[in-house]
Number of protein chains: 2
Amino acid sequence: MKLDEAKLQFIQSWGILAGQWGINRTMAQIHALLLVAAKPLSTDDIMASLSISRGNANMNIRELMDWKLIDKSIVAGDRKEYFAAEKDIWKVVTHIMYQRKKRELDPMVKVLSQISDVEGDPKDADIMAFTSMVKDIQKFAGQADKTLDTIIKAEENWFWGSFMKLFKG
Amino acid sequence: MKLDEAKLQFIQSWGILAGQWGINRTMAQIHALLLVAAKPLSTDDIMASLSISRGNANMNIRELMDWKLIDKSIVAGDRKEYFAAEKDIWKVVTHIMYQRKKRELDPMVKVLSQISDVEGDPKDADIMAFTSMVKDIQKFAGQADKTLDTIIKAEENWFWGSFMKLFKG
DNA sequence: ATATATTTTCATTAATTATTGAAAATTCAG
DNA sequence: CTGAATTTTCAATAATTAATGAAAATATAT
């Protein structure tokens, strides 16, 4: 396969995958483009490569910076801004985990704690069905939360260290 | 908090969370409704509870059955079909993992292997940037694939067993 | 077999989400 | 400062995705 063809295929697939995970398709395509780029790219490069508007490019570039998946890089004697992706796939994954945990898991944990005690007879079948389910989910969410924290804060810990080395290099 | 109020809050939050993960909001709400229900519910119950149309209810019920998150249950002397959610939160999670792996990770692994060897000089900077990134992602995807298989096939394995017990029972 | 209850399908419509592009704001070299 | 280059914003528009509801298909009791 030719390089350009392979890149295109990668960018498209990455975009589709991201869409299925509730992430803006263009954002993922920009990320993919920068992941496989040999050098940092300017907004104009990105616009041209993906055939997207300036506004769209700008918006998604900023979002990617917010997720800490890409960084600005300055080229001497050039007023344009250039962007490069974090290439360490583990950092990419932990940054995504961190963002999603903060934006989604944390709010859900809050909601679960708010709804976890309901008025009325705890022996009532309806109330029991509800509270036992909520408690199970709370336990799961609590454990997921801790596990993610551990992974994010220290990838080389007792738990993940063993197999992480296998494919980190 | 009153039970109905708590249920409503749970159903809404579950729906919002699902939306952020690329899952149809209504599908998640039906799932949530059945998760906290004391008894199996009919299509009409679901339509009434969530104020949705018959077509929408039917479509998402079938999708949930496809994901193995809910089951049909028959009530003697009643022609209607009733539905109940799988209440073991671990089974819920492994079923979701299985479906997403099959639908998303597996196709991505296939794409990565298709694009992993590109024509041209392997010393070329552009080609190197591309191939090294693809190989890293392949390693990650391969490991994720194996790990998911292990979790899905045997939750009480050497790896997860230790902390899974903490919140399973 | 027939009538009736129930489920499924799918073209239409509605709601949501993403994209554009031009105007406004900002940056920076001279 | 000034003015050109660049980035950012955002209202309008387009594209995508979800929901409706009535018709068709299916299932079941008698």
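In what follows, every chain begins at residue 1, and chains take the letters A, B, ... in the order their sequences are listed. The basis for the numbers below is simple: all heavy atoms, side chains too, and nothing from hydrogens, waters or symmetry mates.
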Without decimals, in angstroms, what is the distance between [X] [atom1] and [N] [atom2]?
X	N	atom1	atom2	answer
A:Glu63	D:dT8	CD	C1'	15 Å
B:Tyr82	C:dT6	OH	P	8 Å
A:Asp45	D:dT6	CG	P	12 Å
A:Lys80	D:dT7	NZ	P	7 Å
A:Asp78	D:dA4	CG	P	19 Å
A:Asp66	D:dT8	CG	C1'	15 Å
A:Arg62	D:dT9	CZ	C1'	8 Å
B:Ile46	C:dT7	CD1	P	10 Å

Notebook entry, point to check: Is it the case that more than 12 heavy atoms not belonging to A:Met1 sit under 6.0 Å from its CE atom?
Noted result: yes
Next item on the list: Spell out, as yes or no, whether a donor-acceptor pair under 3.5 Å connects the side chain of A:His31 to the backbone of A:Met27.
Entry: no
Next item on the list: Say whether, by atom type as modelled, one donor and one acceptor occur between the side chain of B:Lys7 and the main chain of A:Phe130 under 3.5 angstrom.
Entry: no
Notebook entry, point to check: Would you say a side-chain N or O of A:Asn58 is under 4.0 Å from OP1 or OP2 of D:dT7?
Noted result: no
Next item on the list: Could you encode protein contacts along nucleotides 18-30 of chain C as a string, one character per nucleotide from 5' to 3', using B for base contact, S for sugar-phosphate-only contact and - for no contact, with a heavy-atom cut-off of under 4.0 Å?
Entry: SBBB-----BB--
Check: Going by atom types only, do B:Asp45 and B:Ser42 share a side-chain donor-acceptor pair under 3.5 Å?
Finding: yes
Margin query: Check whether B:Trp21 forms a cation-pi arrangement with A:Arg100 (NZ or CZ under 6.0 Å from the six-membered ring centre, at most 45° off the ring normal).
Written below: yes
Notebook entry, point to check: Can you check ring-ring contact (aromatic ring centres under 6.0 Å, His included) on B:Trp67 and B:Tyr98, steps first, answer last?
Noted result: CA-CA 9 Å; B:Trp67 283 62; B:Tyr98 173 74; 9.9 Å; no
